[in-house]
Amino acid sequence: MIKLPVLVLITMILLAGCTNKDNGNFQSQPTEAANQPTKTPTQSPNPPPSSTDSNSIVYSNKQYGFQFSLPESWKGYSIVDRHWEGNVMDKNIREKSMETGPILSIRDPRWTAQTPRQDIPIMVFTIRQWDSLLREEFFIGAAALKPSELGHNDKYVFAIPARYNFAYPPGYEDVDKILQSGPLSAFN
């Protein structure tokens, strides 16, 4: 049948509109000024047990209930607020609605406009949104890969985008090392 290939093509075109390639980095489509830090980092007196090293600093977000351990070299980091967008398709492909949520990107203090470095983008989902994403009721971006969970609390799931570092910008190795250390600790 010709309907299935056309359906797949339309879906891919619609999903491709959910992403933005900014300087070669994968980023979910920002809905605010993407390169402007909007929050001041805070240091927590109680780092989570999975800190990256004994000299780590901690970004604490009380609004969503998580802490994120960073190495001392990230002192002076900033937080860039963005939003992810996901498409919800009905079976007729006539109507489309949107799921949205925040991305809190931890920006390397060495980042400059001339030499952007890899951010650590933390996607925030409600429990309902995460369950819907896992059931493939909506999609983020054109890639078939889902975000990877970093942790969760009773209200939110925290995840890293599937292809956040596909362009291998400067600092991607540092971010990979940070993520491998289990730096996120969720709380209620």
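Sequential numbering from 1 along the given sequence is applied to the chain's residues.
Counting only heavy atoms from C-beta outward, the side chains of V157 and I127 approach each other to under 4.5 Å. The side-chain heavy atoms of I178 and P71, taken from C-beta on, include a pair separated by under 4.5 Å. The closest side-chain heavy-atom distance from Q129 to V124 is not below 4.5 Å. The shortest side-chain heavy-atom distance between P121 and P161 falls under the 4.5 Å cut-off. Residues L145 and R163 form a side-chain contact, since some pair of their non-hydrogen atoms from C-beta on lies under 4.5 Å apart. Under the 4.5 Å side-chain criterion, counting only non-hydrogen atoms from C-beta, P109 is not in contact with K75. The closest side-chain heavy-atom distance from F68 to I120 is below 4.5 Å. In this structure, the side chains of F125 and I140 come closer than 4.5 Å at one or more pairs of heavy atoms.
Remark: of the listed residues F166, Y172, Y164, Y172 is the sole one forming a ring-ring contact (aromatic ring centres under 6.0 Å, His included) with Y168.
In terms of heavy-atom proximity, D154 sits nearest to N188 at N-OD1, 2.8 Å. In plain terms, the two heavy atoms of R117 and W111 that are nearest each other are N-CD1, 2.9 Å.
Expressed to the nearest 0.5 Å, how far CD of E137 lies from CG of D131 amounts to 9.0 Å. Note that CG of D108 is 9.5 Å distant from CD of Q118, once rounded to the nearest 0.5 Å. In this structure, CD in E149 is found 8.0 Å from CG in L134, a value given to the nearest 0.5 Å. In this structure, the separation between OH on Y77 and CZ on R107 is 14.5 Å, given to the nearest 0.5 Å. Here the straight-line distance linking atom OG of S73 with atom CG of D174 works out to 6.5 Å at 0.5 Å rounding.
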Checklist entry - Can you list the steps and then say if D119 with R82 is a side-chain contact (heavy atoms from CB on, under 4.5 Å)? => result CA-CA 12 Å; D119 288 343; R82 302 174 193 261; 3.7 Å; yes
Next on the checklist: Set out, in order, the CA-CA distance, both residues' side-chain angles and the distance that settles side-chain contact (heavy atoms from CB on, under 4.5 Å) for I160 and I122, then state yes or no.
Outcome noted: CA-CA 5 Å; I160 194 88; I122 302 170; 5.6 Å; no
Next on the checklist: Walk me through whether M98 and N87 qualify under side-chain contact (heavy atoms from CB on, under 4.5 Å).
Outcome noted: CA-CA 5 Å; M98 210 68 86; N87 286 325; 3.4 Å; yes
Next on the checklist: Apply side-chain contact (heavy atoms from CB on, under 4.5 Å) to residues R110 and W74 and explain how you reach the verdict.
Outcome noted: CA-CA 8 Å; R110 297 167 287 180; W74 280 58; 4.1 Å; yes
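For E136, the side chain to side chain contact (heavy atoms under 4.5 Å, CB included) partners two or more places apart in sequence, or in a different chain, are F139, K146. With sequence neighbours excluded, the residues satisfying ring-ring contact (aromatic ring centres under 6.0 Å, His included) with F158 are F66. In terms of the ring-ring contact (aromatic ring centres under 6.0 Å, His included) criterion, residue partners of Y156 (sequence neighbours excluded) are, by chain and number, Y64.
Aromatic ring centres of F138 and W84 lie closer together than 6.0 Å.
By the 4.0 Å N-to-carboxylate-O rule, R128 lies close enough to E99 to be salt-bridged with it.
In this structure, a donor-acceptor pair under 3.5 Å is present between the side chains of N61 and Y59.
N153 places a side-chain N or O within donor-acceptor distance of the main-chain N or O of F187, the cut-off being under 3.5 Å.
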